[in-house]
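The block underneath contains the structure these notes are about, expressed in structure tokens.
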Amino acid sequence: MAFTSAAASFAQTTTPAPVASANVAASQTAPGTLTVQADQPGPVINRDIFGQFAEHLGTGIYGGVWVGKDSKIPNVRGVRSDVVGALKAIKVPVVRWPGGCFADEYHWRNGIGPASKRKVTVNSVWAGAVEPNTFGTHEFMDFAEQIGSDAYVSVNMGSGTVQEAAEWMEYMTAVPPATAAKERAANGRKAPYKVKYLGLGNEMWGCGGPNTPDEYVTKMKGFAHFVHNFNPEQAAPKVDFSLIAKDLMSGKPMDSLPSGPNSMMRIAAGPNSADPSYTEVIMKAWKTRSPIYWDINGISLHQYTWGSMPFNELATGFAEKDYATVLMQTTWMERSVKKHKEIMDKYDPKKHVALVVDEWGVWLKPKAGTEQMFLQQDQSLRDGIAAAMNINIFARHADRVRMTNIAQMVNVLQAMIVTEGPKMVLAPTYHVYKMYVPFQDATFLPITFNAGEYKVGNITLPQVDAIAAKGKDGKVWLSLTNLDPNKSAEFTAVVAGVTASSAAGEVLTAERIDSINTFETPRAVTPKPISFTAADGKLVFSLPPKSVTVVRLEP
Ligand code: AHR
């Protein structure tokens with residue numbers, strides 16, 4: 001059950017945090033000079049780092065995404081239009097579905113065919129809610145297409161079989177004359193769907209099992225081998241027999257089989273927070289595999305930020321110490337990423353296998369008056385700041401971290417969007433995602449700066465967190481987060497190889513660290529325009545307290 005696995009995650013994350021992050025030099029004071037190495041480009045920040053997660057949990061799907069064709073809430077084929085419009089604006093690259101813990105209890109056949117004939121089942125993971133199965137494969141794929149996103153489908157490795165998973169993928173991707181393609185067409189979809197990512201179970205050490213790492217690897221190989229994607233547009237180039245023969249004879253398996261630009265990527269269910277056991281065992285098995293029999297392209301990592309007590313950290317009305325605790329725990333993501341990267345580098349120095357953080361976010365005390373297992377929480381400016389810090393960590397490790405999926409998309413945990421009946425409001429995290437759009441597929445640029453210190457009680461954090469990238473527009477973009485709720489921070493920006501005379505963009509801040517957007521006050525935490533102009537050849541940034549600033553440098 002999710003609660004058990006969540007508690008297990010907490011146990012992994014209660015050791016003290018590092019003070020400052022990777023390429024940020026902490027010292028006594030900001031301000032200082034921020035140098036962008038625009039002449040030393042790093043890896044591409046894969047746009048899938050900005051992915052989302054939508055689970056059948058509470059009102060995450062029913063009410064939040066799906067209202068049904070007959071609803072008075074404006075919708076297209078049952079998917080609510082206001083939510084689609086908002087998600088299109090943040091250019092969601094990929095969405096993970098149907099879970100989470102739900103995935104390992106989901107039987108896809110319940111969710112196809114005429115709506116009136118679909119089985120009604122019980123969502124035993126999440127509060128025993130009624131699962132009408134009216135949102136199934138076709139509805140999810142339609143939703144993903146409406147928002148312009150790729151699909152990341154997690155198959156049931158918990159209570160399902162290899163055969164069930166293989167048949168689901170065949171149903172989604174086969175072409176005529178396969179019977180599965182005809183059945184799909186009879187249900188309204190002729191062309192095969194594109195499934196960019198295939199999730200091989202979820203939290204297999206917890207709600208998806210529990211399995212030891214070895215037990216998981218044994219099962220996973222079967223799913224990785226037999227679940228085929230038949231969409232011709234996702235086909236891999238044919239493998240030359242001589243390659244296979246060489247592989248079999250050599251005793252030294254080849255790195256990987258040739259893949260096409262749209263080949264489906266298989267993501268193994270990986271570690272819980274900083275626990276290395278799954279990563280070690282999966283990567284060891286991967287290293288010695290023969291890719292003609294099974295392969296994976298990623299390992300997932302789940303890491304939530306709980307605050308001082310799992311499920312009990314206040315969402316609003318918290319003290320500055322609690323604010324700092326949540327931000328401190330956010331920095332632990334970097335420690336985990338580094339730890340898993342180290343193991344992966346040992347077995348896979350060429351970085352074939354990505355680290356996929358497919359569940360992360362701030363997990364707080366549920367909103368009063370709501371079903372506790374629906375995981376609805378208020379979201380404040382603090383959580384938007386935590387989102388920016390996490391994204392910065394992912395960008396700094398973009399060589400290995402090539403997809404992440406924030407938990408979750410609508411109404412659940414650190415959701416982008418909150419709905420209630422026909423009403424919709426955008427959370428601070430939504431605005432951070434919108435501000436970061438230029439970082440999608442941008443090239444990471446190393447930076448050095450004096451991060452300063454922000455101290456509360458025995459917690460010391462860098463005052464400022466920042467990243468830089470060269471956008472697809474060819475411009476240099478900076479994201480600068482000032483964690484300190486009491487002091488502004490000033491920087492002089494120096495960009496190697498670029499003369500910047502001004503910078504313009506947006507800043508997200510609010511009156512209080514716990515300011516939230518509500519249906520009544522939807523704009524309490526919204527970005528405002530900000531710009532800086534060089535004087536005497538110097539471009540000086542002044543970052544307001546508790547803020548996230550994203551700017552584009554202009555020559
Ligand atoms: O995101 C909520 C739950 O958290 C997911 O279902 C599960 O994978 C994790 O424990």
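Each ligand, and each atom within it, is numbered from 1 in the order the structure gives.
No salt bridge links Glu320 with Lys546; every basic N to acidic carboxylate O contact stays at or beyond 4.0 Å. Between Lys346 and Glu280 there is a salt bridge, with a side-chain nitrogen of the basic residue lying less than 4.0 Å from a carboxylate oxygen of the acidic one. With respect to Lys351 and Asp399, a salt bridge is recorded, a charged nitrogen being found less than 4.0 Å from a carboxylate O. Asp465 has a carboxylate O that lies under 4.0 Å from a charged side-chain N of Arg396, or vice versa, which qualifies the two as a salt bridge. Ion pairing between Asp345 and Lys338 fails under the 4.0 Å rule for side-chain N and carboxylate O.
In the model, Glu105 has a side-chain atom that pairs as donor or acceptor with a side-chain atom of Ser124 under 3.5 Å.
Heavy atoms of Trp363 found under 4.0 angstrom from ligand 1 belong exclusively to the side chain. At a heavy-atom distance under 4.0 Å, no atom of Phe102 approaches ligand 1. For Leu413, every heavy-atom contact with ligand 1 shorter than 4.0 Å involves the side chain, none the backbone. For Asn202, every heavy-atom contact with ligand 1 shorter than 4.0 Å involves the side chain, none the backbone.
Here the two rings, on Tyr304 and Trp360, have centers that are 6.0 Å apart or farther. Between Tyr106 and Trp97, the distance from one ring center to the other falls under 6.0 angstrom.
Remark: ligand 1 atoms within the under-4.0 Å shell around heavy atoms of Phe53 are 1 (O). Those atoms of ligand 1 with a heavy atom of Gly100 less than 4.0 angstrom away are 5 (C), 6 (O), 8 (O). Set against the non-hydrogen atoms of Trp126, the atoms of ligand 1 under 4.0 Å away are 3 (C), 6 (O). Atom numbering of ligand 1 starts at 1 in the shown order; those under 4.0 Å from a heavy atom of Glu203 are 7 (C), 8 (O), 9 (C), 10 (O). Those atoms of ligand 1 with a heavy atom of Gln408 less than 4.0 angstrom away are 1 (O), 2 (C).
Of the listed options Glu359, His302, His56, Glu359 places a heavy atom closest to atom 4 (O) of ligand 1.
Below 3.5 Å of separation, one finds an N or O of Cys101 facing an N or O of ligand 1.
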